[in-house]
Asker: 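The structure under discussion is supplied below as structure tokens; questions concerning it will follow.
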There are 2 protein chains.
Amino acid sequence: MPAPPKTSDARIVAAARGLLERNGRDGFSLNDVAAAVGVRAPSLYRRFDDRAALLEAVELSLWRDLGRSLAEAIVSHQPLETLQSQARAYRAFARAHPNGYSLMFDVQSRPTEEGVSVRTDALAPALPALTALVGPEYSLLAARVLTPFLHGFVSMEIGDAFRLGGGLDAAFEHGIATILHGLARDRRRARRSR
Amino acid sequence: MPAPPKTSDARIVAAARGLLERNGRDGFSLNDVAAAVGVRAPSLYRRFDDRAALLEAVELSLWRDLGRSLAEAIVSHQPLETLQSQARAYRAFARAHPNGYSLMFDVQSRPTEEGVSVRTDALAPALPALTALVGPEYSLLAARVLTPFLHGFVSMEIGDAFRLGGGLDAAFEHGIATILHGLARDRRRARRSR
DNA sequence: ACCTGAACACCGTTCAAGT
DNA sequence: ACCTGAACACCGTTCAAGT
């Protein structure tokens, strides 16, 4: 007999993402997700292998949105200005979705192959400006200075780990400026010594 | 009637810390902790308010150990060398206790007042060298560049987020060098413009 | 004084039964 | 074809009962 679906993968992921953001990782339950899409928990298993698989789908959706934000933050032909704008977009994304952001970097679940490619795609919009700033042979190393700073700063901010007062906006701007200028200087030094 | 305790706070915390490291955050259970110290789960509630309180005690023990590592890493009177040594100690600590480290920065649980002071104490051994490098009025800002980089780098490393190959040791050393030189340069510029 | 079994509410997950 | 109630194992947590 016919039995039309009551919901869809996309609706489930959207509901799960909203609930995760509202209730936090520890308050997230499949019962709530099922109820939010008008279904019972066992029905979710027709579409997702298990809780971890559903959370991974949420994670992928978050990475895609971050990639979109970074692409939209390309505001100039000046690599320095674009990278600053993208750094601000990155921070704004994390502050807008703190629980989602911490899921994106959750240590407990290793990224799958799809996860790896979605992450690579998400950060790709920042590569042209970074390469323009530091040169192609140096961009991977530079990314491994900039990205850790960004991730570390926003995850500490989200986790309330900055406790000694002072404006975080200014600290962030200063950190970005210090790092970007330091990276650009590294390149000049490498050139000179060649 | 007398009833001597079968265990102690310290033994419970030690067992919990070992189990957390072995089984991960999601595999951590009070039943396992109780079994490890020869007791039943309800007995743990005499000593800790709940699961969150026990995990917080584990977290505090980890922060104290990190502080000890950073203090032992003071190897020179040269601030640059000491900070590099401490950065390596920080990374080594995170790699030695990946599940513990991610608990220390877990976004889900806000730090308590005791948590705040233990964190401050843990990072204190790095302050003299940092102040010597960048000057007292600039050390907070500098800490907010260096600490995020350290935390971001090691949490990405632990979470397997560096996927494009290349040696992570070299990337870490390079990042530290770039940031420390950048911070020192900031100070010189600030001096000159005064 | 300290520990425990039993009970409760709530999980994630499976599966046979329903339509 | 899709959904569900019932069941299972496993949680964290409470508490009256044991010694």
Side-chain angles (χ1 to χ4, degrees), chain A residues 1-60 99-100 102-103 106-110 112, chain B residues 1-60 99-100 102-103 106-110 112:
Chain A
M1 295 300 108
K6 287 184 169 184
T7 184
S8 69
D9 289 23
R11 246 186 283 267
I12 292 169
V13 171
R17 187 170 146 172
L19 286 165
L20 173 78
E21 201 52 66
R22 189 184 322 280
N23 301 335
R25 185 228 302 143
D26 296 347
F28 177 84
S29 88
L30 295 186
N31 274 325
D32 289 350
V33 175
V37 299
V39 107
R40 300 290 192 160
S43 297
L44 301 176
Y45 286 80
R46 178 163 304 273
R47 300 170 175 281
F48 298 93
D49 278 349
D50 52 20
R51 182 194 142 104
L54 174 52
L55 281 175
E56 205 211 322
V58 169
E59 209 187 320
L60 297 184
N99 283 313
S102 62
L103 177 69
D106 191 5
V107 171
Q108 301 300 315
S109 62
R110 317 270 104 182
T112 62
Chain B
M1 296 300 108
K6 288 185 169 182
T7 183
S8 69
D9 289 24
R11 245 186 283 268
I12 292 169
V13 171
R17 188 170 146 173
L19 285 165
L20 173 77
E21 200 52 67
R22 189 184 322 280
N23 300 335
R25 184 228 301 142
D26 296 348
F28 177 85
S29 87
L30 295 187
N31 274 323
D32 289 349
V33 175
V37 299
V39 108
R40 300 291 193 159
S43 298
L44 301 176
Y45 286 81
R46 178 164 303 273
R47 299 170 174 282
F48 298 94
D49 278 351
D50 52 19
R51 181 193 142 103
L54 174 52
L55 281 175
E56 205 211 322
V58 170
E59 210 188 319
L60 297 185
N99 284 313
S102 62
L103 176 70
D106 191 5
V107 172
Q108 300 301 314
S109 62
R110 315 272 106 182
T112 61

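All chains are named by letter (A, B, ...) in the order of the sequence lines, taking the proteins before the strands, and each is independently numbered beginning at 1.
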Asker: Figure out the NZ/C1' separation between B/Lys6 and D/dG18, and round it to whole Å.
Answerer: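 Taking NZ of B/Lys6 and C1' of D/dG18, I get 13 Å after rounding.
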
Asker: Would one find a side-chain N or O of B/Ser43 under 4.0 angstrom from OP1 or OP2 of C/dT4?
Answerer: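 B/Ser43 to C/dT4 OP1/OP2: side-chain N or O found under 4.0 Å.
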
Asker: Between atom CZ in B/Arg40 and atom C1' in C/dA6, what is the gap in whole Å?
Answerer: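 Interatomic distance, CZ of B/Arg40 to C1' of C/dA6: 12 Å.
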
Asker: I need the CG-P distance between B/Leu44 and D/dC11, as an integer number of Å.
Answerer: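 The answer, rounded to whole Å, is 13 Å.
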
Asker: Identify, between A/Ala41 and B/Thr7, the residue whose nearest nucleotide on DNA chain C lies closer to the 5' end.
Answerer: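 Here B/Thr7 is the residue nearer the 5' end.
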
Asker: I need the CG-P distance between A/Leu19 and C/dG12, as an integer number of Å.
Answerer: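 Spelled out: CG on A/Leu19 to P on C/dG12 is 12 Å.
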
Asker: Less than 4.5 Å apart, any side-chain heavy atom of B/Thr7 and any of B/Arg47?
Answerer: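 Of all side-chain heavy-atom pairs linking B/Arg47 with B/Thr7, at least one is under 4.5 Å.
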
Asker: Write down the distance between CG (B/Asp50) and P (C/dC10), rounded to a whole number of angstrom.
Answerer: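 Nearest whole value for this atom pair: 17 Å.
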
Asker: Any donor-acceptor pair under 3.5 Å linking the side-chain atoms of B/Thr112 with those of B/Glu56?
Answerer: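 Yes - a donor-acceptor pair under 3.5 Å links their side chains.
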
Asker: Tell me the closest heavy-atom pair linking B/Glu59 and B/Ser109, and the distance in Å.
Answerer: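 What the structure gives for the nearest pair is OE1-OG, 4.3 Å.
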
Asker: Rounded to the nearest Å, what distance is computed from the CG atom of residue A/Asp26 to the P atom of nucleotide C/dC10?
Answerer: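 Whole-Å distance recorded here is 17 Å.
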
Asker: Is atom CZ of B/Arg40 surrounded by more than 12 heavy atoms (other residues, nucleotides or ligands) closer than 6.0 Å?
Answerer: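 12 or below, so no.
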
Asker: From C/dT13, C/dC3, D/dG12, pick the nucleotide closest to the side chain of B/Tyr45?
Answerer: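 Nearest to the side-chain atoms of B/Tyr45, counting from C-beta on, is D/dG12.
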
Asker: Among D/dC2, D/dC11, D/dT4, which nucleotide has an atom closest to any side-chain atom of A/Pro5?
Answerer: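 Nucleotide nearest to A/Pro5's side chain: D/dC2.
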
Asker: Base, sugar-phosphate alone, or nothing: which one does B/Pro42 contact when heavy atoms must sit under 4.0 Å apart?
Answerer: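 Base contact.
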
Asker: Check this one for me: any side-chain N or O of A/Arg51 less than 4.0 Å away from OP1 or OP2 of C/dG12?
Answerer: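 It does, given that an N or O in the side chain of A/Arg51 lies less than 4.0 Å from OP1 or OP2 of C/dG12.
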
Asker: Expressed as a whole number of angstroms, how long is the span from A/Arg47:CZ to D/dA1:P?
Answerer: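 Answer to the nearest Å: 14 Å.
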
Asker: For a quick check of understanding: with a heavy-atom distance under 4.0 Å over all strands, which category does B/Phe48 fall into, base, sugar-phosphate or nothing?
Answerer: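 Contact class for B/Phe48: none.
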
Asker: Output yes when a side-chain donor or acceptor of B/Arg110 lies under 3.5 Å from a complementary backbone atom of B/Val107, and no otherwise.
Answerer: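 It does hold such a pair.
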
Asker: OP1 or OP2 of C/dA1 less than 4.0 angstrom from a side-chain nitrogen or oxygen of B/Arg46, does that happen here?
Answerer: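 For C/dA1, neither OP1 nor OP2 has a side-chain N or O of B/Arg46 closer than 4.0 Å.
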
Asker: A/Ile12 has an atom CD1; how far is it from atom P of D/dC2, in whole Å?
Answerer: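 Checked: the CD1 to P distance equals 12 Å.
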
Asker: Establish, with yes or no, whether the OP1 or OP2 oxygen of C/dC10 is under 4.0 angstrom from a side-chain nitrogen or oxygen of A/Asn31.
Answerer: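 Negative; the distance criterion is not met.
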
